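Following: one structure in structure tokens, then a few remarks.
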Amino acid sequence: MARMTPQDFRVRYGPWALVAGASEGLGAEFATQLAARGLNLVLLARRGDVLEEVSMHLQHKYGVEVRTLALDLAREDLVTALAGQFDDLEIGLLVYNAALSMIGPYFTIALEDHLREIAINCRAPMTLAYLFGQPMLARPRGGILLMSSLGGAQGSALLVNYTATKAYNRLLAEGLWDELREQGVDVLTCCPPAVSTPGYLASAPSGSMSALTPQAVVSEALGALGSGPTIIPGWTYRLANILMQRVLPRKSTIKLMGRVTRGMYQKAL
Ligand SMILES: NC(=O)c1ccc[n+]([C@@H]2O[C@H](COP(=O)([O-])OP(=O)(O)OC[C@H]3O[C@@H](n4cnc5c(N)ncnc54)[C@H](OP(=O)(O)O)[C@@H]3O)[C@@H](O)[C@H]2O)c1
């Protein structure tokens with residue numbers, strides 16, 4: 001698909017976009033690049049004060065309307081917490097970006113942390129896609145973008161449950177893409193490699209793996225909306241993915257990922 005102008009983008013995915021996990025990193029960058037295209041924003045994350053700062057900045061710089069909601073996406077009563085919050089808004093784009101990434105050997109991580117990871121990384125995106133996707137289908141117009149990871153294409157030591165949750169997002173988006181692709185709703189999953197966000201840098205990775213910038217990843221992802229189901233940002237990573245998924249035997253791919261994650265994290269653990 002040819003690159004959309006900001007005006008086309010607004011017509012197709014506006015007037016409001018909801019970004020879940022918008023206070024920093026890739027989420028704040030999604031909010032910025034969507035505001036630059038003229039979309040009004042609903043920003044959601046736990047830290048309301050940080051969301052307010054992002055909101056003030058975007059309103060001032062781009063003249064868009066912004067609403068914030070401080071909410072823990074792991075809440076059991078997520079549906080109730082969201083009920084009626086945005087009934088007055090036409091949300092044409094959902095970006096589910098929030099995630100918890102537990103790093104370490106599987107059995108050294110508490111079961112409750114694995115379960116929290118599933119709540120934030122799987123239950124919440126599925127719930128938001130359901131709640132906000134239905135009105136899009138009724139219009140019929142809109143977009144849903146779920147953040148997965150290059151790591152979600154195979155299992156990985158030290159990131160066992162995290163990579164499994166990212167595989168869930170990828171498959172959820174791919175299935176939805178096929179169901180909705182002729183019904184006016186564009187679905188995309190973005191599968192980046194390492195990205196230099198505060199969250200990634202705080203995990204203290206070591207080794208030689210170079211990280212993409214949030215700006216580059218978000219720009220590629222938004223540019224690929226409408227050409228789903230999947231975008232892997234960065235052509236070298238697209239090539240690496242072909243090698244790992246189509247050339248190497250599955251066992252070798254999993255072991256290779258394990259070598260990479262052990263190299264990145266074993267020292268920090
Ligand atoms: N960075 C990478 O290297 C990388 C690579 C591949 C894929 N990804 C994917 O890209 C996405 C963003 O990554 P990132 O590195 O930008 O993450 P991040 O820096 O950790 O930021 C995550 C965002 O989600 C929010 N969040 C976290 N837990 C939440 C909760 N329980 N409820 C509500 N909001 C919550 C955080 O805000 P609060 O703390 O204010 O709640 C923050 O705004 C994730 O889905 C990740 O899996 C990242």
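As the structure lists them, so they are numbered: ligands from 1, and atoms in each ligand from 1. Note that the numbering runs from 1 along the sequence shown for the chain. Worth saying up front: this structure is predicted, and the values here are computed from it rather than measured.
No side-chain heavy atom of W177 sits less than 4.5 Å from a side-chain heavy atom of V185. Looking at I144 and M136, their side chains come closer than 4.5 Å, going by heavy atoms from C-beta outward. In this structure, M4 and Y13 have side chains that are in contact, with non-hydrogen atoms separated by less than 4.5 Å. Side-chain contact between P15 and R10: absent, with no pair of heavy atoms (C-beta onward) separated by less than 4.5 Å. Y168 is not listed as a side-chain neighbour of N121, based on a closest heavy-atom distance of 4.5 Å or more.
Of all the heavy atoms of A22, the ones lying under 4.0 Å from any atom of ligand 1 belong exclusively to the backbone. Contact annotation for S148 and ligand 1: only backbone heavy atoms (N, CA, C, O) come within less than 4.0 Å of the ligand. Only the side chain of R116 comes within 4.0 Å of ligand 1, judged by heavy-atom distances. Residue contacts with ligand 1, taken as heavy atom pairs separated by less than 4.0 Å, involve T197 solely via side-chain atoms from C-beta onward. The part of L71 lying near ligand 1 is the backbone, judged by heavy-atom distances below 4.0 Å.
Contact annotation: P193 has at least one heavy atom less than 4.0 Å from an atom of ligand 1. Heavy-atom separations between K166 and ligand 1 include at least one value shorter than 4.0 Å. Contact annotation: D72 has at least one heavy atom less than 4.0 Å from an atom of ligand 1. Heavy-atom separations between L100 and ligand 1 are all 4.0 Å or longer.
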**Item:** Stepwise side-chain hydrogen bond (donor to acceptor under 3.5 Å, both in side chains) check, N169 with Y96
**Value:** CA-CA 10 Å; N169 277 266; Y96 194 94; over 6 Å; no
**Prompt:** Does the pair F86 and F132 meet the rule for a side chain to side chain contact (heavy atoms under 4.5 Å, CB included), with working shown?
**Reply:** CA-CA 10 Å; F86 310 115; F132 294 102; 4.0 Å; yes
**Message:** For a salt bridge (charged side-chain N to carboxylate O under 4.0 Å, His left out) check, start with the C-alpha distance between R47 and D49, then their side-chain angles and the critical distance, and finish with the verdict.
**Reply:** CA-CA 6 Å; R47 288 169 298 163; D49 51 339; over 6 Å; no
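Shown here for V64 and Q59, the closest heavy-atom pair between the two residues is O-CG, 3.4 Å. Residue L43 comes nearest to A22 through the heavy atom pair CD2-CB, 3.8 Å, listed as atom of the first residue, atom of the second, then distance. Among all heavy-atom pairs drawn from C190 and A221, the shortest one is SG-CB, 4.0 Å.
By the 3.5 Å distance cut-off applied to N or O atoms, V195 is counted among the residues near ligand 1.
Nearest protein heavy-atom contact of atom 44 (C) of ligand 1 is N97 O, 3.0 Å. Protein heavy atom in closest approach to atom 25 (C) of ligand 1: G21 CA, 3.6 Å. Nearest protein neighbour of atom 27 (C) of ligand 1, counting heavy atoms only, is R46 NH2, 3.5 Å. Atom 32 (N) of ligand 1 has L73 N, 2.9 Å as its closest protein atom, hydrogens excluded (heavy atom only). Scanning the protein for heavy atoms near atom 37 (O) of ligand 1, the closest one is S23 OG, 2.7 Å. For atom 40 (O) of ligand 1, the closest heavy atom belonging to the protein is R47 NE, 2.8 Å. The single protein non-hydrogen atom nearest to atom 26 (N) of ligand 1 is A98 CB, 3.9 Å, given as residue, atom name and distance. The shortest contact between atom 13 (O) of ligand 1 and any protein heavy atom is with L26 CD1, 3.8 Å.
Close approach of ligand 1 to Y200 (heavy-atom distance below 4.0 Å) involves ligand atoms 1 (N), 3 (O). Close approach to M147 involves these atoms of ligand 1, each under 4.0 Å from a residue heavy atom: 10 (O), 45 (O). Counting the atoms of ligand 1 from 1 in the order shown, those under 4.0 Å from a heavy atom of P192 are 6 (C), 7 (C). Residue-ligand proximity, Y162 to ligand 1, at heavy-atom distances under 4.0 Å covers atoms 7 (C), 8 (N), 46 (C), 47 (O). Annotation for ligand 1: atoms under 4.0 Å from non-hydrogen atoms of G25 are 16 (O). Near I120, meaning under 4.0 Å from any of its heavy atoms, are these atoms of ligand 1: 31 (N). Close approach to A99 involves these atoms of ligand 1, each under 4.0 Å from a residue heavy atom: 27 (C), 44 (C), 45 (O), 46 (C), 47 (O). Taking a cut-off of under 4.0 Å to the non-hydrogen atoms of A194, the atoms of ligand 1 that pass are 3 (O).
Between the side chains of T68 and E52, at least one donor-acceptor pair of N or O atoms lies under 3.5 Å. Between the side chains of R67 and Q85, no donor-acceptor pair is found at a separation under 3.5 Å. Between the side chains of T230 and E174, at least one donor N or O lies within less than 3.5 Å of an accepting N or O.
Around atom 34 (N) of ligand 1, the closest heavy atom drawn from P198, A45, S203 belongs to A45. The closest non-hydrogen atom to atom 19 (O) of ligand 1, taken over G199, S149, A31, comes from G199.
Shown here, atom 10 (O) of ligand 1 is in close reach of the protein: a heavy atom of it lies under 4.0 Å off.
W235 does not carry R238 over the face of its six-membered ring by the limits of under 6.0 Å from the centre and within 45° of the normal.
Salt bridge status for D72 with R116: present, with a side-chain N to carboxylate O gap under 4.0 Å. Between R123 and E117 there is no salt bridge, since no side-chain nitrogen of the basic residue lies less than 4.0 Å from a carboxylate oxygen of the acidic one.
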